[in-house]
2 protein chains.
Amino acid sequence: MADVAREAHVSGQTVSRVSNGRDNVDAETRERVLAAMHKLGYRPNSAARALRTGRFHSIGVIMFTLSSFGNMRTLDAIAIAAADAGYSITLIPVPHPTLGEVSVAFDRLSEEAVDGVIIIVEAHLLDESDVVLPAGLPVVVVDSTAADRYPMVDTDQAHGARLATEHLLSLGHRTVWHVAGPERSYSATHRREAWESTLRAHGADVPPVLVGDWSSESGHEVGLELARNPDVTAIFTANDQMALGVLRALHEAGRAVPGEVSVVGFDDMEESRSFWPPLTTVRQFFGEVGRLSVEELLQEVESGERGGSTLVATELIVRESTARPPA
Amino acid sequence: MADVAREAHVSGQTVSRVSNGRDNVDAETRERVLAAMHKLGYRPNSAARALRTGRFHSIGVIMFTLSSFGNMRTLDAIAIAAADAGYSITLIPVPHPTLGEVSVAFDRLSEEAVDGVIIIVEAHLLDESDVVLPAGLPVVVVDSTAADRYPMVDTDQAHGARLATEHLLSLGHRTVWHVAGPERSYSATHRREAWESTLRAHGADVPPVLVGDWSSESGHEVGLELARNPDVTAIFTANDQMALGVLRALHEAGRAVPGEVSVVGFDDMEESRSFWPPLTTVRQFFGEVGRLSVEELLQEVESGERGGSTLVATELIVRESTARPPA
DNA sequence: CCGTAGCATGTTTACGTGAACATGCGCCAG
DNA sequence: CTGGCGCATGTTCACGTAAACATGCTACGG
């Protein structure tokens, strides 16, 4: 900066003013400074700036392995929304979802140069974790239920599960079987509860729940079981990947989809429309979730006002994996 | 820090030494300082530290939309490898893969607090872009070919494509059709070239190339065309998602897989084993690519030594979508 | 018994920036 | 004509840290 000041025959303070786009600089002086900055290849030092202002213009994101489709889409939206607001994203990975790892991530967090944090971690770990997040650091929780402690943004899981279940019932199925996600997942629990309450509200029987781990492979395993049961005519799986496994199991068992069995997924991943048959599913608006969580966080960072919880609605996408039950 | 020093009756410098784990501090003093740090909830200020040391302990990652399966896996591995080395990841998203956006990202980069950058962007954009990366900033390029300007780490695309093509030929297919990725993609080009040269090496005809855009939907479109052609008995698609679309098209056309037509993909995404039928494909080791790119980058950051290019081998995963051609 | 080496610790300083305050000049109202 | 006001610009200083150098004490060999 000093070099630029010398080159442009001004003081460092004036360079700073130009660099920050203040308007109380004479047009001619500004030009001279800009020319000098360009000539010398000047780049503001973000560390010094952060030290002086106390703002890092960066948002931390704590998340487990990115390999979950939904997390990735959410992260993508967060990154874009943050960039639009002039913030960058600092990833704080948690390689294994154990309590210890989460604690380590939180600890590391306190030394990270971030103005706020978005946490995309199963809530039960948050609850069990006695590690305290650095005080005064704004936090937004996604896909979880720590709403009592922090603002939360999430897909309206219950709404989606109800849409899926009611769609199948309205086609004439007597009841709907459910392939749930892992017990410890809050979103899996929400979907399962909404499925169950929807069945009860319509006076349908509630069949036993089959539990997977979100993977297509686990969907295949429980799908083999469902395929053997001739009573099963409608299946709601808690995500699209498990639906893929269920479809494969049904094909292997020679049960026609949707002729004999209808299947509905959850997520609407890009590939779902190319499943065989194309999958009827509940679309989640991950982009919206990411956008809103950044909005919420930045509001707290910049104005100190803390918002409440926000749920993002879902949409049922009807494709070709659902039909009326066999006569 | 001053508060901690006062609390522990030592100088700030001693606090700094404890904070950095230097060993030239008396055990008793260290205990006293640690106690004071804990009591006061002291957290080192990373901005000041970065200002003083010139190191940010952060790696920038420039990438397009995360929604590509492979990029995500790579990013995940980068994040974990970086965390292991004590670095965090700063994401610099490029919402749209246009020249302008890339320039903006590079510009933004120069103000980011990073010690080095990993670029996961189609190389043709790098080549066309006249934006100069900040001089002196270590760069590693992934999934691209700017090897002449920067070290590169990538999957051995040609090796994988050869494995896939030879697998089909060795099953007895007269030739292999290819569904390529977009023309401007270097990895798509490499796979296509290797497929073609493998066919030639084996004296097989080279059928016309069909081009998709990596999406399962585009795979479905070109798949419909292939399904109509009775000469087609073996298809190598440039990624698994397009293979999914091709499978769907073949099902719709009533052509048995692998009875009439064999299909091989590329990537080995988690879902591929649950396709119908489970997909024979070329596995990419994204984790290895990510790990190596961090290793290469940090070597340059910390020792100034710049390495060369590294290719990561692939592995053919034979499942149930390939068989001998019909008699 | 003294000189010195080695070690724990303290003091000073600079990293690059922007806020706060200071300066100097031109212009306008009284 | 003069006092004061507004505006562009300059000067000073502190943000929190760690490197470089300084200090003072202990221990050990000649």
Side-chain angles (χ1 to χ4, degrees), chain A residues 1-37 40-58 86 88 108 110-115 134-137 302, chain B residues 1-38 40-58 86 88 110-115 134-137 302:
Chain A
M1 188 163 94
D3 298 336
V4 174
R6 206 171 310 119
E7 173 79 19
H9 303 293
V10 297
S11 71
Q13 184 55 37
T14 299
V15 176
S16 169
R17 281 191 264 255
V18 171
S19 168
N20 287 347
R22 301 307 181 81
D23 53 359
N24 54 347
V25 178
D26 187 76
E28 189 190 335
T29 310
R30 161 174 279 114
E31 284 311 314
R32 206 152 24 98
V33 172
L34 287 175
M37 286 185 355
L40 298 175
Y42 166 78
R43 303 294 176 181
N45 179 311
S46 58
R49 186 172 279 180
L51 176 61
R52 194 65 185 80
T53 63
R55 283 287 172 76
F56 298 99
H57 285 276
S58 184
S88 60
R108 183 181 303 150
S110 59
E111 300 180 13
E112 290 289 347
V114 295
D115 301 315
L137 192 64
E302 285 168 3
Chain B
M1 187 163 95
D3 299 336
V4 174
R6 206 172 308 119
E7 173 78 19
H9 303 294
V10 296
S11 71
Q13 184 55 30
T14 299
V15 176
S16 169
R17 281 191 264 255
V18 171
S19 166
N20 286 345
R22 301 306 181 80
D23 53 359
N24 55 347
V25 178
D26 188 74
E28 190 190 336
T29 309
R30 161 172 281 115
E31 284 312 311
R32 207 152 23 99
V33 171
L34 287 174
M37 284 181 3
H38 189 76
L40 298 176
Y42 166 78
R43 304 293 177 182
N45 179 311
S46 57
R49 184 171 281 182
L51 175 60
R52 194 65 185 78
T53 63
R55 284 288 171 75
F56 298 99
H57 284 277
S58 185
S88 60
S110 59
E111 300 181 14
E112 290 289 347
V114 295
D115 301 313
L137 191 65
E302 285 169 3

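Just so you know, these numbers come straight off a predicted model, no measurement behind them. Here is how names work: the chains are called A, B, and so on, in the same order as the sequence lines, proteins then strands, and each is numbered from 1.
With rounding to whole Å, B/F56 atom CZ is found 14 Å from D/dA18 atom P. We find that CG of B/D3 is positioned 14 Å from C1' of D/dT17, with the value rounded to whole Å. The separation between A/R6 atom CZ and D/dT11 atom P is 13 Å, rounded to whole Å. The separation between B/N20 atom CG and C/dA8 atom P is 16 Å, rounded to whole Å. Here the C1' atom of nucleotide C/dG18 and the CE atom of A/M1 are 8 Å apart, to the nearest Å. A/R49 has its CZ atom 18 Å from the C1' atom of D/dG16, to the nearest Å. The NE2-P distance, from B/H9 to C/dT9, rounds to 14 Å in whole Å. For B/R30 and C/dT9, the CZ to P distance is 9 Å, given to the nearest whole Å.
For B/L51, the side-chain atoms get nearest to D/dG16 when compared with the rest of C/dA8, D/dG16, C/dT17. The nucleotide whose nearest atom lies closest to any side-chain atom of A/R52 is, among C/dA19, D/dA8, D/dG16, C/dA19. Comparing D/dT9, C/dG16, C/dT9 against the side chain of B/R17 picks out C/dT9 as the nearest. For A/Q13, counting side-chain heavy atoms from C-beta on, the closest listed nucleotide (D/dG16, D/dT11, C/dT17) is D/dT11.
Closest-nucleotide positions on DNA chain C for A/P44 and B/T29 were compared, and the one nearer the 5' end corresponds to B/T29.
In this structure, A/S16 reaches the bases: a heavy-atom distance under 4.0 Å links it to at least one base atom across the strands shown. Using a 4.0 Å heavy-atom criterion, one finds that A/S19 contacts no nucleic acid atom at all. Among the heavy atoms of the strands lying under 4.0 Å from A/V10 are primed sugar atoms or P, OP1, OP2 only; no base atom is included.
Interatomic distance, A/R6 CZ to A/S11 OG, rounded to the nearest 0.5 Å: 12.5 Å. Rounding to the nearest 0.5 Å places OG of A/S46 at 10.5 Å from NE2 of A/H57. To the nearest 0.5 Å, atoms CD (B/Q13) and CZ (B/R22) are separated by 8.5 Å.
Within the 4.0 Å cut-off from OP1 or OP2 of D/dA8, not a single side-chain nitrogen or oxygen of A/T14 is found. OP1 and OP2 of D/dT9 both lie 4.0 Å or more from every side-chain N or O belonging to A/N24. The phosphate of D/dC15 (OP1 or OP2) has no side-chain N or O of B/N45 nearer than 4.0 angstrom.
The base of C/dG18 lies outside donor-acceptor range of the side chain of A/R22, with no N or O pair under 3.5 Å. Side chain B/R43 to base D/dG16: no donor-acceptor pair is found below 3.5 Å.
A side-chain donor from one of B/N20 and B/R49 sits under 3.5 Å from a side-chain acceptor of the other.
Two residues are said to be in side-chain contact when any heavy atoms from C-beta on lie closer than 4.5 Å; A/L34 and A/M37 meet this criterion. Using a 4.5 Å heavy-atom threshold, the side chains of B/V18 and B/R32 count as separate.
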